[in-house]
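Let me begin by presenting the structure, written as structure tokens, before commenting on it.
Chain naming here is simple, since letters A, B, ... match the order of the sequence lines and numbering starts at 1 in each. These values consider heavy atoms only, across backbone and side chains, with no hydrogens, waters or symmetry-generated copies.
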Amino acid sequence: MAKILIPTPLRQFAEKQDSVELPGATVGEVLGALTAKFPDLKKHLYNDEGKLRSFVNVYLNDEDIRYLNKDATPAAPADTLSIVPSIAGGANYGG
Amino acid sequence: MIHIERNPWREMVNHAQAAYPNECCGAMIGSIDGENKTVVRALALDNISAGSQRARYELRPEDLLHADREAREHKLDLIGIYHSHPDCGAYFSETDLKNSCPWYSFIVLSIQSGVFDHANSWLPNAEQTHAEKEELTWPKS
């Protein structure tokens with residue numbers, strides 16, 4: 001059972017829990033268990049094509065899974081998954 | 001609506017003025033009660049945008065991860081992101097919108113000639129096509 005930390009704005013779709021422990025041998029399986037348990041979370045994390053939204057990063061402990069083995073990254077019971085957004089911007093003069 | 005308490009507000013304005021003529025960025029930590037958010041802590045974070053930072057900012061995701069952990073340790077929430085617009089208004093630009101996340105309030109501080117001028121808070125949608133203005137208050141004196 002890996003632990004997933006739920007970002008504050010998404011807790012309303014996860015029975016107001018700030019973290020949940022879910023089964024899964026890989027990060028992809030744990031995320032699948034998350035959206036199976038809380039279907040309303042899915043559209044906030046995934047686009048219509050079923051891919052993680054462009055601004056959604058998943059960290060296994062302190063590592064971005066894109067630099068590990070992505071969804072196939074093994075998840076151990078002591079691991080913590082975090083959902084972290086990518087954020088940037090700028091004045092874009094004249095915009 | 002979102003209210004910024006005095007200390008975090010001062011830190012955000014000082015950060016934005018110190019970064020001028022570049023953009024600054026940071027995270028806001030606080031509490032949420034229904035539709036009302038209160039910011040009790042501002043965390044100045046690095047602008048890691050490559051090249052000129054006069055009209056660009058980028059947050060390091062690891063910094064947001066740590067901000068979220070810090071909020072949890074204090075039984076608070078990560079509720080917003082702030083950044084500055086040097087020498088232009090506190091609008092939510094196309095660049096802001098296309099690189100936003102709908103989970104947080106985005107506060108933009110307008111810094112004119114190095115001095116704080118005005119600020120707005122924005123709530124972008126998930127499709128990154130529109131941002132709604134959110135009522136924003138801070139201590140005026």
Taking the side chain as C-beta and beyond, is there a heavy-atom pair between B:Phe106 and A:Ile87 under 4.5 Å?
yes
Is the backbone N or O of A:Gly89 less than 3.5 Å from a side-chain atom of B:Thr95, with the two atoms forming a donor-acceptor pair by type?
no
Less than 4.0 angstrom from a charged side-chain N to a carboxylate O is my criterion; do B:Lys75 and A:Asp18 meet it?
no
Against chain A, work out which of B:Gln128, B:His83, B:Lys98, B:Arg60 has the most heavy-atom pairs shorter than 4.5 Å and name it.
B:Gln128
I'd like to know which of A:Asp64, A:Ile83, A:Asp62 tops the heavy-atom pair count under 4.5 Å against chain B.
A:Asp62
Residue selection (most heavy-atom pairs with chain A, distance under 4.5 Å) from B:Ser84, B:Ser110, B:Pro61
B:Pro61
Hydrophobic cluster membership, with links at side-chain heavy-atom distances under 4.5 Å among I/L/V/M/F/W/Y: are B:Ile4 and B:Phe116 in one?
yes
For A:Ala91 against B:Ser93, the heavy-atom pair lying closest together:
O-CB, 3.4 Å
Can you tell me how far apart CZ (B:Arg69) and OG1 (A:Thr80) are? Round to the nearest 0.5 Å.
7.5 Å
Which answer fits B:Glu23, side chain, backbone, both or neither, if we ask what part of it has an atom under 4.5 Å from a heavy atom of chain A?
side chain
Contact part of B:Ser49 toward chain A, heavy-atom cut-off under 4.5 Å: side chain, backbone, both or neither?
neither
CD (B:Glu35) with more than 12 external heavy atoms under 6.0 Å:
no
Are B:Val40 and B:Trp9 linked, directly or through intermediate hydrophobic residues, by side-chain heavy-atom contacts shorter than 4.5 Å (ILVMFWY only)?
no
Quick one: of A:Lys43, A:Gln12, A:Arg11, who has the most non-hydrogen atom pairs under 4.5 Å with chain B?
A:Arg11
Between A:Asn57 and B:Leu65, is the side chain to side chain contact (heavy atoms under 4.5 Å, CB included) condition met? List the steps.
CA-CA 10 Å; A:Asn57 303 304; B:Leu65 178 63; over 6 Å; no
Cluster question for you: counting only ILVMFWY and a side-chain heavy-atom cut-off of under 4.5 Å, with indirect links fine, are A:Leu10 and A:Val30 together?
yes
In the structure I gave you, are the side-chain heavy atoms of B:Ser100 and A:Phe55 within less than 4.5 Å of one another anywhere?
no
When only pairs under 4.5 Å are counted, which of B:Leu64, B:Leu78, B:Ile48, B:Asp96 shares the most heavy-atom pairs with chain A?
B:Asp96
Work out which heavy atom in A:Tyr59 is nearest to a heavy atom in B:Glu62; give both atom names and the distance.
OH-OE2, 3.0 Å
Are B:Trp122 and B:Trp138 connected, step by step, through hydrophobic side chains (Ile, Leu, Val, Met, Phe, Trp, Tyr) whose heavy atoms are closer than 4.5 Å?
no
Heaviest contributor of heavy-atom pairs below 4.5 Å to chain A, chosen from B:Ile81, B:Ile32, B:Ile79, B:Leu59, is B:Leu59
Separation between OG of A:Ser82 and CZ of B:Arg72, rounded to the nearest 0.5 Å:
7.0 Å
If Ile, Leu, Val, Met, Phe, Trp and Tyr residues are connected whenever their side-chain heavy atoms lie under 4.5 Å apart, and connections chain through other members, are B:Trp103 and A:Leu81 in the same group?
yes
